[in-house]
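Note that this is a predicted model, so its numbers are computed, not measured.
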Amino acid sequence: MAKEACELCMHPGGEVIYRDDNYRIVLVDDERYPGFCRVIWNAHAAEMTDLSTAERAILIAAVWQVEEAIRETMQPHKINVASLGNVVPHLHWHVIPRYENDAHFPNPIWGEVKRTPNSSELAKRKAMVARLREALQDRFEESLL
């Protein structure tokens with residue numbers, strides 16, 4: 001895919017929480033998955049092996065820091081970390097808090113819907129997103145990555 005047609009080259013990919021010269025961290029607006037984040041490499045690249053060894057280390061360290069912040073703040077049952085790129089071949093990682101009663105569990109969020117999430121549980125998770133936003137900003141503003 002040419003850079004000119006790349007969605008993640010042209011658009012942030014969500015609410016930008018942190019950005020540096022290498023990558024950005026965004027909150028994804030997904031009603032069923034509050035706290036869903038992406039870590040997106042800023043320059044157009046399709047695969048991890050398109051990056052240098054040092055760049056890969058920087059990116060994956062950021063992914064793990066996002067996972068840690070989600071885990072501490074959102075307290076999910078599980079966290080899914082995925083880098084697919086089949087639809088948008090621009091290097092990005094999905095970091096998704098998962099709960100046993102979410103819409104797709106135990107399937108991936110792109111799989112078959114298993115249930116309608118409980119609205120009060122979703123409301124509780126949505127309320128935690130402000131704390132997650134702050135935790136991510138604090139963590140990455142102090143980061144050496």
Side-chain angles (χ1 to χ4, degrees), residues 1-48 50-51 55-111 113-145:
M1 174 179 284
K3 182 178 177 181
E4 296 79 32
C6 177
E7 179 181 332
L8 292 178
C9 285
M10 297 184 302
H11 304 287
E15 175 194 346
V16 178
I17 301 302
Y18 174 82
R19 182 184 182 104
D20 68 14
D21 292 341
N22 296 307
Y23 61 86
R24 61 192 179 270
I25 298 163
V26 302
L27 271 170
V28 177
D29 184 18
D30 187 321
E31 286 292 316
R32 295 179 295 189
Y33 294 96
F36 178 166
C37 292
R38 285 189 192 111
V39 181
I40 304 167
W41 193 252
N42 291 329
H44 187 78
E47 308 296 344
M48 286 291 285
D50 291 339
L51 305 182
E55 290 169 330
R56 282 181 277 197
I58 289 167
L59 180 58
I60 207 67
V63 170
W64 301 143
Q65 283 196 54
V66 170
E67 178 186 302
E68 190 172 54
I70 290 172
R71 193 170 182 196
E72 290 170 2
T73 306
M74 303 295 292
Q75 300 182 351
H77 172 76
K78 181 75 176 96
I79 297 179
N80 290 170
V81 177
S83 178
L84 304 172
N86 298 337
V87 176
V88 180
H90 181 119
L91 188 53
H92 63 287
W93 287 83
H94 302 272
V95 188
I96 310 160
R98 299 298 308 277
Y99 302 87
E100 290 178 324
N101 62 357
D102 71 34
H104 293 87
F105 199 88
N107 290 346
I109 68 164
W110 301 283
V113 173
K114 294 289 189 179
R115 69 195 59 78
T116 300
N118 178 295
S119 60
S120 66
E121 287 294 320
L122 272 176
K124 288 178 192 174
R125 292 175 196 149
K126 287 176 186 174
M128 291 188 272
V129 171
R131 284 193 355 237
L132 175 60
R133 185 181 290 109
E134 290 174 14
L136 288 167
Q137 288 169 339
D138 289 347
R139 180 178 299 263
F140 282 90
E141 286 173 4
E142 297 173 9
S143 175
L144 298 177
L145 295 178

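Taking all atoms of both residues into account, the shortest heavy-atom contact from P34 to V129 is CB-CG2, 3.7 Å. A pairwise comparison of heavy atoms in T73 and A135 identifies OG1-CB, 3.7 Å as the closest pair. Heavy atoms only, all atoms of each residue included: L122 and P117 are closest at CD1-CB, 3.6 Å. Across A45 and L51, no two heavy atoms sit closer than the pair CB-CD2, 4.1 Å. Taking all atoms of both residues into account, the shortest heavy-atom contact from I70 to C37 is CD1-SG, 4.0 Å.
Although no hydrogens or angles enter the test, the distance criterion places no donor-acceptor pair under 3.5 Å between the side chain of N22 and the main chain of L59. Of the possible polar contacts, one joining the D50 side chain to the E47 backbone as a donor-acceptor pair under 3.5 Å is found. Remark: the backbone N or O of G13 is paired with a side-chain donor or acceptor of R38 at under 3.5 angstrom.
One finds the CD1 atom of I60 at 4.5 Å from the CE atom of M48 (value rounded to the nearest 0.5 Å). The structure places NE2 of H11 at 12.0 Å from CD1 of I40, a figure rounded to the nearest 0.5 Å. Remark: C6 SG to H44 NE2 distance equals 5.0 Å, nearest 0.5 Å. Separation of atoms CZ (F105) and NE2 (H77) is listed at 4.0 Å; rounding is to 0.5 Å. Put simply, CD1 on I17 and CD on E134 are 10.5 Å apart, with the number rounded to the nearest 0.5 Å.
Contacts of R24 classified as salt bridge (charged side-chain N to carboxylate O under 4.0 Å, His left out), with partners at least two apart in sequence or in another chain: none. Contacts of W64 classified as ring pair (Phe, Tyr, Trp, His ring centres under 6.0 Å), with partners at least two apart in sequence or in another chain: none. With sequence neighbours left out, K114 forms a salt bridge (charged side-chain N to carboxylate O under 4.0 Å, His left out) with no residue at all. Residues satisfying the side-chain hydrogen bond (donor to acceptor under 3.5 Å, both in side chains) criterion with R125, sequence neighbours excluded, are N101. Residues that satisfy the ring pair (Phe, Tyr, Trp, His ring centres under 6.0 Å) test with Y99, not counting sequence neighbours, are absent from this structure. Not counting sequence neighbours, E67 has no partner by the side-chain hydrogen bond (donor to acceptor under 3.5 Å, both in side chains) test. Under the rule for a salt bridge (charged side-chain N to carboxylate O under 4.0 Å, His left out), the partners of E72 that lie at least two apart in sequence or sit in another chain are R139. Applying the side-chain hydrogen bond (donor to acceptor under 3.5 Å, both in side chains) criterion to R56, with sequence neighbours excluded, gives T53. In this view, E100 satisfies the salt bridge (charged side-chain N to carboxylate O under 4.0 Å, His left out) rule with no residue, not counting sequence neighbours. Residues meeting the side-chain hydrogen bond (donor to acceptor under 3.5 Å, both in side chains) test with E15, sequence neighbours left out: R133.
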Give the C-alpha distance, both sets of side-chain angles, the deciding distance and a yes or no for side-chain contact (heavy atoms from CB on, under 4.5 Å) between V66 and W93.
CA-CA 10 Å; V66 170; W93 287 83; over 6 Å; no
Between K124 and E121, is a salt bridge (charged side-chain N to carboxylate O under 4.0 Å, His left out) present by the stated rule, with each step listed?
CA-CA 5 Å; K124 288 178 192 174; E121 287 294 320; 3.6 Å; yes
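Ring pair Y18/F140 is tilted by interplanar angle, where 30° to 60° counts as tilted.
R71 and E68 are not joined by a salt bridge, as no carboxylate oxygen comes within less than 4.0 angstrom of a charged side-chain nitrogen.
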Which donor-acceptor pairs under 3.5 Å do side chains of residues 79-89 form with protein atoms, sequence neighbours excluded?
residue : atom : partner : partner atom : Å
N80     : OD1  : R98     : NH1          : 2.7
S83     : OG   : H92     : O            : 3.2

Run the side-chain donor-acceptor check on residues 25-33: report pairs under 3.5 Å with partners two or more places apart or on a different chain.
residue : atom : partner : partner atom : Å
D30     : OD1  : R32     : N            : 3.0
E31     : OE1  : K126    : NZ           : 2.6
Y33     : OH   : D102    : OD1          : 3.4
Y33     : OH   : H104    : N            : 3.2
Y33     : OH   : H104    : ND1          : 2.7

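Taking the side chain as every heavy atom from C-beta outward, W41 and L8 never approach each other to under 4.5 Å. In this structure, the side chains of N42 and D21 stay at 4.5 Å or more apart for every pair of heavy atoms.
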